[in-house]
Amino acid sequence: MRPAHRRVISLLKKEYIKTIIKEDKIREDGRHPLDYRKIEIKARGGFTKGEGEAWVRLGRTQVLAGVKIDVGDPYPDSPDTGVLITHEEPLPLASPTFEPGPPDENAIELARVVDRGIRSAEAVDLKQLVIPHPTDPGRNKVYLIFLDIHILDHDGNLQDASALAGIAALMTTVIPEVKMTEDGKLEANLEKLKPLPTKAIPVSVTIAKIGDTLIVDPNLTEEEVADSRITITVDDHNRVCAIQMLGGSFTPAELELAIDIATVKSRELIEKVKAAVKEAEANA
Amino acid sequence: MRPAHRRVISLLKKEYIKTIIKEDKIREDGRHPLDYRKIEIKARGGFTKGEGEAWVRLGRTQVLAGVKIDVGDPYPDSPDTGVLITHEEPLPLASPTFEPGPPDENAIELARVVDRGIRSAEAVDLKQLVIPHPTDPGRNKVYLIFLDIHILDHDGNLQDASALAGIAALMTTVIPEVKMTEDGKLEANLEKLKPLPTKAIPVSVTIAKIGDTLIVDPNLTEEEVADSRITITVDDHNRVCAIQMLGGSFTPAELELAIDIATVKSRELIEKVKAAVKEAEANA
Amino acid sequence: MRPAHRRVISLLKKEYIKTIIKEDKIREDGRHPLDYRKIEIKARGGFTKGEGEAWVRLGRTQVLAGVKIDVGDPYPDSPDTGVLITHEEPLPLASPTFEPGPPDENAIELARVVDRGIRSAEAVDLKQLVIPHPTDPGRNKVYLIFLDIHILDHDGNLQDASALAGIAALMTTVIPEVKMTEDGKLEANLEKLKPLPTKAIPVSVTIAKIGDTLIVDPNLTEEEVADSRITITVDDHNRVCAIQMLGGSFTPAELELAIDIATVKSRELIEKVKAAVKEAEANA
Amino acid sequence: MSIFIEKPPEKLIDEDGTRIDGRKPDEMRPVRIEVGILENADGSAYIEWGGNRILAAVYGPRELHPKHLAQPDKAVLRCRYNMAPFSTSTRKKPGPDRRSIELSKVIREALEPSLFLHEFPGTTIDVFVEVLRSDAGTRVAGTTAASVALADAGIPMRGLVSACTVGRVGDVLVLDVGHEEDQWGDADLALSMLVDYNEITLLQMDGTLTPQQLKQAIGMAMDACKKIHELQKQAIREKYLKIVREIAGETST
Amino acid sequence: MSIFIEKPPEKLIDEDGTRIDGRKPDEMRPVRIEVGILENADGSAYIEWGGNRILAAVYGPRELHPKHLAQPDKAVLRCRYNMAPFSTSTRKKPGPDRRSIELSKVIREALEPSLFLHEFPGTTIDVFVEVLRSDAGTRVAGTTAASVALADAGIPMRGLVSACTVGRVGDVLVLDVGHEEDQWGDADLALSMLVDYNEITLLQMDGTLTPQQLKQAIGMAMDACKKIHELQKQAIREKYLKIVREIAGETST
Amino acid sequence: MSIFIEKPPEKLIDEDGTRIDGRKPDEMRPVRIEVGILENADGSAYIEWGGNRILAAVYGPRELHPKHLAQPDKAVLRCRYNMAPFSTSTRKKPGPDRRSIELSKVIREALEPSLFLHEFPGTTIDVFVEVLRSDAGTRVAGTTAASVALADAGIPMRGLVSACTVGRVGDVLVLDVGHEEDQWGDADLALSMLVDYNEITLLQMDGTLTPQQLKQAIGMAMDACKKIHELQKQAIREKYLKIVREIAGETST
C-alpha cells in the first residue's frame, strides 16, 4: 500500500538533479535548460460539448480546456463589454495530491494568471460581445464566455499548459448569433455561427530557478526541487501581459534574464498555437 | 456511556436472523417474508403549516411529509409545467447515526427515488399548475410544489415510508387560487382553495435479499443483515414507475420474482393511501 | 511556544478576583463594580470607506463599525421600509481564540443583539428610506443600510463596545440622494448627501455576576470568572429595548437590580455617543 | 416570491382587554405535553402549545467526535433548534440560519444550569428541538419540551426548566404572546426558569418596555412558568404510570 | 439564461422502427475503450460511447484520511462521478449536485460486488469518473470504463462490470438510449452486471413500463452487457499486448 | 444594485507629467507606519499609505491544529489577506473571494524568504492583513505592514520585506499607482524585496508593458522599496524608543 497524498523524492535524487543542472547544464530527462518538453495541442477534437476546446499535452502533463457560451447581463461598471470567466479544475484523477472539492489557492492562482494574460492582451475582443437592445442600451445583454480548464494529468508546469489550452480553445470557439427583440426576448440562431473575435495570442513561459540556473518548463520533480519559479506571459505583439512569481526569490539580474528568456521562448509557443488553430480550421 | 454513531449487531444475532429466515421462512419480529409491518397514515393531522401533510408510521419508523406551495418562474426548458421539488431531511433526532448538516448521499437518493416515482407516474398534474399572464405567455408563472419529507424515527425501510408520506401529503394538498394581472402582479386568494390536481398513486415496495430469501419491508436490523435491496415503485395503474437497487446483486430470476412481489404488494399500500386520503377528506 | 486557541487563567487568579470583589468590592484592575473602563469613541475618523463609521476603545477592547449604503428591493412583507442589516466580524487578529471563517454563534448573537437594540428603539427611521417610483408604488426601491462591526482587539465586553460603535456610526452616516425615473432607472447624486435619519440612541449595558456581586463592563478575565452575564439595552427615551442573558442564572432580585443599574449607566454611555457625534460633526 | 404575506389586523386587543384570539391578557394558550414518543432517542417529548407543534429529543451521554471538543471535567451540552420547511406560512429554506443559530445557543444556555454535567466528563449530551409547526413562542415551547426530554433520557438534573413569554400591546402586558401579537405587538419577552430554585436561566426581550413594565412582565412570566412546570411534571408522571401499568399488565398475564 | 434550449422532435421513431439517430431498436451506438491513458493514476480508461467521452481513473489501495473512516476488515471503495462544465449544451456549474451525488453512489455500488475489498483492510480505493462530453447513458458508460480502470490498476476482482441502458419509445423498447430518447422518451432503464456470474449489480429505472415490458427490458440490457464485456476484455488485452511489444522491442534493440 | 459606479476621468496624466492626484510620475503617496497598536496579537502594525488604512497582526509561533498540517522541520507560515465590507466604495461581501485567496498566497510567499522558519518546527506563524480602507496598492501596503508586524512579534528574520507598485499610463511609468490609475491605467506591477539582500520576493504584473518598460518599472519599484524600508525601520525604532521611555519613566518615578 502506498501512502496517500504524498510524493516523496529522495534527498539523493534532489541532489542529483541539482548537481547535473549546475555542472552539466543538463536536466534529469535529458533536456537543455531552455528546452520545453514535447508540446501537442489538439483543438476542436470533439472531446467536449464546448463551443471551443483544446487538449494540450506538455510531456506527461495533460490539460483540457473547454469554452461554453451563454448570454447574460454585463457587469454594472462595464455595460459595453462581454464577460469572460476563467476557472481551473484540478481533477482528483490527475494527481494523488489533488482532492475532490472546490478549487484551492493553487487552482485559483492558476486560473487567475491565465485569465490575466488573456485579459491584459485583450485576446478576446469583449467589446464585440454585446447583444444590443433595439432601442434601450440600458437593457443590453452580453455574451458570457466561460473558459474551464481541467487538469487531467499533472507532471508539472500546469501554468503554461493551461495558458496554451486556454488560448487555443478561445481561438477555435464559435458563437451563435443572438438577437434581442423590442420586448427584451432573446432569439438565438444555433445554426448561424461566427468565430469568437480574438485579437492577440498570449502564452506563458514558466521559468524555474535551480541553484544558479534558470530552466524553462519545469516538470513536477523539478518544481519540487526548484528554489523559485516565475511565470511570464507574452503575446504575439511581443508585449509582456502578465507576471506571477511563485515562491522563493530572484535577484534583479536573474529577473532580467528571465524576461529575455520569456520573450524568446514565447515565440515557439505562439507558433504551436497558430498551427493547432490552423489544423482545427482545416478539419472544420 | 454508549459509543456515538454506531450500531452494532452481534454476529450471533446476524446468524440467527439469517438462519430462521432460511429455515423457517420467519423473521425476527415474527413476520412472514412478504408481510409489511403495521402501517398508519395520518393525513392533514395539523402537525405542520403545510398546504398538505401526512405522518406515516411503518412499525417503529416514523416520517412526516409536508407540502408547501409558492409561485415562481417555470424552468426555461418546460415553460408550461409547474415545478415539483422533493427534499428528504434525516433529522438527527431520528437515529444515533444521523448527523446535523446538509443531506448526505443516502438522503439525496431517498428523495430522488420518491421524486422519480411521483414524476414518472405523473402523480401531480404539473401541466395544470401554470398561472398564465393575461396576454404574454412568455411571462407566465407556475406553482412551485415543495415536498419536504422529515425522518423522525428510523427503524428501516425509510424508502417505502417516505413514498407513502409523500403521495398522501400531495393528495391532501390544497392550493390557493392565484391570478396574474396585465402588469405581472400576482393576486393570491388564500380563501379560495382547490385540491392539488393528481392523476396517479405511486407507492414503493422495498425488497431485501437475505441469503436466498426475498423479504419485503426490512426493518433496520434486517437492512444491516441483507445482502442486497431493491426498491420498486408501482402505481395504481399497475405501471412500474421507478426502480433503484441499493447495493449487492440480484440474479435475473430473483429480479423477476421481486417485480412480481412489488406488483402484488403495491396494491395493499395503495389501498392504505386511499383510506388515509378518504379519512382526511371526511374530517375536512 | 504557546498553545493555540487557549487562554488559561490560573485557579488562584480566579479565586483572587472573586475574593476581592466579594470582600472589598474592588476589581482586579482597580475599578468599582459599577465603573466602566475608559471609553473613547472616534466617529468619521477616515479609517474606512463607509458612509458612516466609528472606532470604539473600551479599555483594551477595540471595535470598528462601518456603514455602507446601497439600494435594493424592500422585503415583500414591509414594502414601505428601508432595510438594515447588521453583521459582526470577529477578526482573527483580535484574539488568539478567534479563527478565520464565517461568524460563529457568539458573533451572530452579538450582531443580533446590537441589531435588536437599534431596531426596537427605531434608532434608524427606516420609513424615511424609501425611494419611490414616480407612479407605481409596487416598483419602489429602498435604501439598504449595512452596518458591519469588526472586532479588532478583544479584552471583554464586546457587546457594549459594539453597540456604541454601531449607533455612533449610524448617527454620523450620510446617504446620497437617489431618485427613480419612470422606467425604473436609479439616479444617484453622490454629491448631494443628507444625514441618515435617526430617532433614538440605544446603548447596551452588560452586567456580570461574580459570586453575589453585579459588576458592569466585565473585562475578558472577569467574563471568564463570571457566573452569568446579561446585556440590557436602554435608549435615550429611557426605554429598555433589548435584553439578552448570556449563560448562567439570575435570581429575580438580581434581575431587578441589573435593570436599575442599566437605566442609570446607560445615561453615561448615551452622553459619550452624543459627544462623539458632535465632535465628528464639528470636524466635518 | 411569497404568496403568503399577512396583513396586520386593525387592532390586537379590545377595549375590554380581549385579545385578537379571544384570550384575556393573563390567559395562556392550551399546552399539552407527551413524553417518549420516539424509539431511537434516549429521551423525547412532544409539545402542543397553541398552534405550535414541536418535537424534542435527547441523545447521550455519548462519545463526542471529534475528540478534542470533549472536556475533561464535564459533559458538553449541545443543542440544535431547527424549523421544518413546512412549519411556517412561507416555506423556510432547510438548514441553519442566523436566527436558529442564536436560538440554539439560547436554549442550550437555558437548560445548562439545570444539569449535572460534571457527572459525565468527556461525553456529549445532544438536544434536538424540531419545530414542525410554528405559532409564536417556539423558543419557550422548545425549551420546555427539551427539559422534559432530558428528564425522559434520565440525565441527572436539579429540576425542570419551564419557560413562557410575555408581550406588550399598547399599554397592556399580555401573557403567552400569540401569532399576531408576535408580528405586530410592541414588545416580546421570553423567560425560562428553574421553578424549584427561583432561578431565571433565559431572559430575552425586544420591542420596548419601560423599566417598570419590564419588571412586571418578568413577574408575569415567572408565574406562568409555575403552571408550565406542573404540566411538565404531570406529563412525566403519566409516562411512568403507563410503563408501570404495562409491566403490571405483563406480570398479571 | 440559457440559449441552448432544445425543442422536442416530431417523432422519436419511424413506423419501420428506425430511431431518430438512424439505429434499429436493438442496435447499440459505437463503443471504443482505451486503457491506461493517464500517467499518474494507478489505472485508467477512456471510453467513447456514442457522443459520450468519459475518463475513468483509479487510485489505490492507499491510505485513507481521516483514519477513522477506514474499516478494519476491508478497503473502503469511494467513487466520484463528475460532469465537466463543458460536457453539456448549457454550461454545468462545477461541483457536485444532487444528481451527481446519487450517481456516485450508484456507480460505487455497481462496482463493489466485483471487487475483493477484504484483501486490503484499512485502505481506500478511489474511483473517479469524469464526463468530458455527455450524450445519454453516462452512468453506464462511466461504470463500464471504471471497471476497466480498476482492472488496469490491478485491483483483484471477480470479473468486469458491464453496463447498458434500455428505453421505451411508445410501444417499442430501444437498446442504448440516445440523446433525444433520453430527453423525450417514455422510460429509461440502466443496468450493470457481472457477466461471468449472471449477477445484476445496478438497476435503475424511470418513466413507466408494464411489469412485462420491464422484464423484457432487463433481458435486452443483459444481452447488450455481454457485448460490452467483450469490448472491455479486448481493450485490456490490447494494452497488455502493447506493453509486451514495447518490452520485446526494447529487448530486441 | 450598486449606486457607487465611478466614471473614468478624461485623462490620467497631464502633458507636463502631472498625475490626476497631482503627483509627479516618480512621486509616492504619503506613508505612515505605526507599530504595536493591538494588545492581543504577538505583533502588529498599522499603515496609512495614500488612502489605504491597513492593520497587520501576527500570532505565533504557536501550536498548529489540526496537527497533521504541521511540518517536522519548520514552522508553517499562514497568511490571510482580507478586505472589510466597508473598505470599498460598493460594500464588499464578507468572506474570502478568489482575489483575496490569491493575494493571501502571494503575500505569504513574499514574506516567507525573510523568515527563519526552521527555528520553530511543528508550529505555525499566522499573519493577518486586514484592509479597513482600500485605495490601490493594498497588497504592497499589506506586505509592508505585515513584515513590520512580524518584526514586532519578534520572529527571527533576515530582514524586512518592503514593497511598492509601478504602473503605466500611456507612455509614462508612474510610481505607486493611485486609485484612478489602478482602475483605468495601462499596466500595474507589484514588487516586494528584501532590500538588504537585493532579493525580489514578489513580482506580479497585469496590463501590458514592453520588455524594456518592464525592466525599467522593476528598477523604479526597487528604488521605492528602499524608501519604504527606511520608513519601516523608523517605525520599529519609534516603538522601541517609546517602550524605553516608558520603562525609564517608571524607573524614575
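All chains are named by letter (A, B, ...) in the order of the sequence lines, taking the proteins before the strands, and each is independently numbered beginning at 1.
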Give the member of [options] that has the highest number of heavy-atom pairs under 4.5 Å with chain F.
options	value
A:A121, A:C241, A:P202, A:A262	A:C241
A:D77, A:T263, A:I259, A:T251	A:I259
A:R239, A:E254, A:E122	A:R239
A:I230, A:T231, A:I108	A:I108
A:N238, A:L255, A:D235, A:T233	A:L255

Legend entry - Neighbour count above 12 (heavy atom, 6.0 Å) for F:L69 CG: yes
Legend entry - CG (F:D73) with more than 12 external heavy atoms under 6.0 Å: yes
Legend entry - Mutual orientation of the aromatic rings belonging to A:H154 and A:F98 [parallel < 30°, tilted 30-60°, perpendicular > 60°]: parallel
Is it the backbone or the side chain of [X] that comes under 4.5 Å from a heavy atom of chain A, or both, or neither?
X	value
F:L203	both
F:R99	both
F:I200	both
F:E112	neither

Legend entry - Among F:K233, F:K226, F:Q232, side-chain hydrogen bond (donor to acceptor under 3.5 Å, both in side chains) partner for F:E230: F:K233
Inset, instruction - Please determine, among F:A187, F:P113, F:P211, the option with the most heavy-atom pairs under 4.5 Å with chain A. - result: F:P211
Legend entry - When F:M193, F:E6, F:E109 are compared by non-hydrogen pairs under 4.5 Å with chain A, the top option: F:E109
Is a salt bridge present between [X] and [Y], judged by a nitrogen-to-oxygen distance below 4.0 Å?
X	Y	value
A:D73	A:K141	yes
A:E268	A:K265	yes
F:K105	F:E102	no
A:D115	A:R112	no

